[in-house]
> 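Take a look at this one; I'll ask things after.
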Amino acid sequence: MKKLIAGNWKMNGSVEMTQDLLSEINSEIDGDLLDKCGFLVFPPALYVTEAFKNAGTYIDVGVQDCSHNESGAYTGEISAAMIKDCGASHVLLGHSERRQYHNETDELVCTKAKLAFDNGLIAVICIGETEEQRDNGKAFDVVEKQLAASVPESANAENTIIAYEPVWAIGTGKTASAADVAEMHSFIRGKLGERFSDSENFYILYGGSMKPENAGELLATPNVNGGLIGGASLKADQFLAIAKAAP
Ligand code: PGA
């Protein structure tokens with residue numbers, strides 16, 4: 001299984017940055033890197049079209065969220081069908097920033113995921129505990145509940161990617177230890193196994209302050225099939241260095 005190196009740009013960038021960043025990354029992707037990694041970026045939705053012009057053949061493009069409604073009078077929203085129509089292949093769902101700032105629940109994320117599947121998109125579903133939950137010994141309970149309620153029954157290894165992102169590690173420079181990540185990813189794999197016959201084939205990404213210095217160890221951790229990278233995905237050299245560090 002190749003490692004999936006995914007960049008979540010969040011609300012950063014511009015037309016020019018989209019052009020520069022993607023053409024720089026694209027120009028450095030060679031056969032050796034492609035043997036071990038796949039690439040995916042989530043620019044802000046407005047830049048998806050620009051992203052396609054510069055992403056080349058080997059970088060997939062996704063959108064950071066979609067509406068939980070199919071279409072109609074929902075001002076400001078973007079539907080899963082529109083994302084597919086614009087040529088994107090993936091949609092990021094249930095990121096902790098959306099759960100925190102937009103009160104997204106597991107049930108809402110599940111509804112969005114079903115719409116993503118109906119429209120032929122791959123859903124990257126994010127789960128992860130807060131620092132307080134971890135300190136209170138609740139990390140596994142929280143992740144189990146999020147996984148059960150956010151991931152639809154119709155999920156499979158082809159239409160769903162899980163991203164484990166401990167909230168306390170996102171944008172903080174703090175990373176979960178390889179031992180903690182190994183334990184949680186194996187727990188997630190086990191829980192997927194209780195519901196899905198192809199659980200072994202699901203990609204499970206780790207996210208939270210992944211950078212060139214820690215990527216080698218994290219990406220070599222059992223059941224870590226790639227990374228969801230925020231800050232370090234905005235610099236071509238760092239994003240590429242993370243991919244190069246993959247085993
Ligand atoms: P970070 O963000 O790499 O900046 O911690 C990861 C994410 O939020 O997906």
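Every number for a ligand or one of its atoms is a count from 1 in the order of the listing. Residue numbers count from 1 along this sequence.
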> Quick one: nearest non-hydrogen protein atom to atom 9 (O) of ligand 1, plus distance?
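Protein heavy atom at minimum distance: Glu165 OE2, 2.6 Å.
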> Out of all atoms in ligand 1, which are within 4.0 Å of some heavy atom of His95? Include the element for each.
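Close to His95: 7 (C), 8 (O), 9 (O).
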> Which of the numbered atoms in ligand 1 are under 4.0 angstrom from any heavy atom belonging to Gly231?
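Per the distance check, 1 (P), 3 (O), 4 (O).
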> Regarding ligand 1, does Gly230 bring an N or O atom to under 3.5 Å of one of the ligand's N or O atoms?
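N/O-N/O distance below 3.5 Å exists for this pair.
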> Should Ala232 be listed as contacting ligand 1, given a heavy-atom distance under 4.0 Å as the test?
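Checking ligand 1 against Ala232, which is what was asked, there is no heavy-atom contact under 4.0 Å.
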> Looking at ligand 1, does Gly207 have a heavy atom less than 4.0 Å from it?
no
> Taking 4.0 angstrom as the limit and counting only heavy atoms of Gly171, give me the atoms of ligand 1 inside it, by number and element.
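Listed by number with element: 1 (P), 4 (O), 5 (O).
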> Report the part of Ile170 (side chain from C-beta onward, or backbone N, CA, C, O) that has a heavy atom under 4.0 Å from ligand 1; answer both or neither where that applies.
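Within the 4.0 Å criterion, Ile170 contacts ligand 1 through backbone and side-chain atoms alike.
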> Hey, which atoms in ligand 1 end up nearer than 4.0 Å to a heavy atom of Leu228?
6 (C), 9 (O)
> Has Arg134 got a side-chain atom pairing as donor or acceptor with Trp168's backbone, closer than 3.5 angstrom?
no
> Between Asp32 and Lys244, is there a salt bridge with N-O shorter than 4.0 Å?
no
> Quick one: does ligand 1 sit under 4.0 Å from the side chain of Ala169, the backbone, both or neither, non-hydrogen atoms only?
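Backbone only.
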> Start with the C-alpha gap between Glu213 and Thr175, add the side-chain angles, then the distance that decides, and say whether side chain to side chain contact (heavy atoms under 4.5 Å, CB included) holds.
CA-CA 11 Å; Glu213 303 82 70; Thr175 329; over 6 Å; no
> Which of the numbered atoms in ligand 1 are below 4.0 angstrom from a heavy atom of Gly208?
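Going through ligand 1 atom by atom, the ones under 4.0 Å from Gly208 are 5 (O).
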> I'd like to check which ligand 1 atoms, numbered from 1 as shown, lie under 4.0 Å from a non-hydrogen atom of Lys10.
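Numbered from 1, ligand 1 contributes 2 (O), 7 (C), 8 (O).
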